[in-house]
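In what follows, a single structure is set out as structure tokens and then discussed.
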Protein chains: 2
Amino acid sequence: MTIGSLAEATQTRVETVRWYEKVGLLPPPARSSGNYRLYGPEHLRRLSFIRRGRALGFTVEQIRDLLALADDRERSCGEVDTIARAHLADVERKLADLTRLASELREVIGQCGCGSVADCRIIEALSPLGEPA
Amino acid sequence: MTIGSLAEATQTRVETVRWYEKVGLLPPPARSSGNYRLYGPEHLRRLSFIRRGRALGFTVEQIRDLLALADDRERSCGEVDTIARAHLADVERKLADLTRLASELREVIGQCGCGSVADCRIIEALSPLGEPA
DNA sequence: ATGCACCCTGTAGTCACTACAGGGTCAAGG
DNA sequence: CCTTGACCCTGTAGTGACTACAGGGTGCAT
């Protein structure tokens, strides 16, 4: 399996696959006579794991930890749970922030009568000291 | 007003104020005899505008556009409205993504019995091909 | 033999800052 | 007058997670 097929199979860019190798998430594969990377099913599994983790919003560092835990099958699952719960808490905080943001934006936009900038409520809402800059 | 007081008044780091100047959001202020930056109320207004915009999630580029529009008080407010609506659409898309993410995470976490990694549902959920890497 | 798609390494760019390193300035206290 | 310490200056490099080349090599079909 060349890097191109692996990338296609996992919906990843070729450059990103090489980058995962560089930062140590993906082990260096064997090379062909022409120095092409040759991947096996193990690599496909590992890269799929990484991509799924990224899609769920885990950082690369968190995925590195999860991979290390997953490789040690005897270990208790508690640390995995801790990482996942911390991430969920993070996501929920961002969600709250964005929700507040959206409602502020909606309020600001609703007030715009679309006259001249001098009377624009959006510009005013952005100018906490009263006057636009 | 020195850069320190301006930064404090706007809840901004000193380095960030200098950075806004470098990228052209904040005009270069007068200098003291000892080469310190000296700011007036105009700068305070403009920096407040920038910070409020950032707090509402506008990109620096969007704020640059908004500032240019705000400086031209005769112009119609339509472009301001367009930028704000585009941004709101962006925020709402992110919100939907995060909502989906959070529910996926909650489901994954709920299934973890916290036994050994070999049986961990979280690791399994991250391994789309069945087996953990 | 030649075109073309694919692969290689290495570097620089993205965004919005943040963090120094290595110095200069200024006001207060001794 | 001298020192201490808080503040300021410029310039460069680092963050996260890639992305985008530049400049070259490989492999296969025509």
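All figures in this text were calculated on a predicted structure; none of them were measured in a lab. Lettering follows sequence order; numbering is per chain, from 1.
- Residue B/R18 is classed as a base contact, given a heavy-atom separation below 4.0 Å to a base.
- A/L38 and A/L26 end up in different hydrophobic clusters when Ile, Leu, Val, Met, Phe, Trp and Tyr side chains are linked at under 4.5 Å.
- In this structure, B/H43 contributes its side chain and B/L6 its backbone to no donor-acceptor pair below 3.5 Å.
- Side-chain nitrogen and oxygen atoms of A/R54 include at least one within less than 4.0 Å of the OP1 or OP2 phosphate oxygen of D/dC18.
- Nearest-nucleotide mapping onto DNA chain D: of A/S32 and A/E15, the residue sitting toward the 5' end is A/E15.
- Residues A/K22 and B/E61 each lie close to DNA chain C; by heavy-atom proximity, the contact nearer the 5' end of the strand is made by A/K22.
- Taking a heavy-atom distance under 4.0 Å as the criterion, the stretch of DNA chain C touched by chain B extends 5' to 3' from C/dA16 to C/dC26.
- A pairwise comparison of heavy atoms in B/L95 and A/A102 identifies CD2-CB, 4.1 Å as the closest pair.
- Nearest-nucleotide assignment on DNA chain C puts the 5′-proximal partner with B/T16, out of B/T16 and B/G34.
- Summarising the geometry, the separation between CE on B/M1 and C1' on D/dC7 is reported as 15 Å, rounded to the nearest angstrom.
- Residues B/A9 and B/M1 approach most closely at CB-CE, 4.1 Å, considering heavy atoms.
- Using a 4.0 Å cut-off between a side-chain N of Lys or Arg and a carboxylate O of Asp or Glu, B/R18 and B/E15 do not qualify as a salt bridge.
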Restricting both atoms to N or O, compile the protein contacts to nucleotides 2-5 of chain D shorter than 3.5 Å, with distance only.
none

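- Within the structure, every side-chain polar atom (N or O) of A/Y20 is placed at least 4.0 Å from both OP1 and OP2 of D/dA17.
- Looking at B/I123 and A/F49, their side chains come closer than 4.5 Å, going by heavy atoms from C-beta outward.
- Following rounding to the nearest Å, B/W19 (CH2) and D/dA13 (C1') show an atom-to-atom distance of 16 Å.
- Between A/R106 atom CZ and A/L101 atom CG the span is 10.0 Å, to the nearest 0.5 Å.
- Atom CG of A/L25 is separated from atom P of D/dA17 by 10 Å (rounded to the nearest Å).
- Taking 4.0 Å as the cut-off between side-chain N and carboxylate O, B/D97 and B/R100 count as a salt-bridged pair.
- Protein atom CD of B/E8 is 13 Å distant from nucleotide atom C1' of D/dA6, rounded to whole Å.
- One interatomic measurement links the two molecules: CD1 of A/I63 to P of D/dC18, which rounds to 8 Å at whole-angstrom precision.
- Following rounding to the nearest Å, A/R64 (CZ) and D/dC18 (C1') show an atom-to-atom distance of 14 Å.
- Linking Ile, Leu, Val, Met, Phe, Trp and Tyr residues whenever their side-chain heavy atoms come within less than 4.5 Å places B/L44 and B/L66 in a single cluster.
- Looking at B/V17 and B/Y39, their side chains come closer than 4.5 Å, going by heavy atoms from C-beta outward.
- An angle of 30°, rounded to 10°, separates the two end axes of the helix from C/dA1-D/dT30 to C/dG30-D/dC1, each defined over five pairs.
- Under the 4.5 Å side-chain heavy-atom criterion for grouping Ile, Leu, Val, Met, Phe, Trp and Tyr, B/F58 is connected to B/L25 within one hydrophobic cluster.
- Shown are B/R46, B/R51, B/R54; of these, the side-chain hydrogen bond (donor to acceptor under 3.5 Å, both in side chains) with B/Y20 is made only by B/R51.
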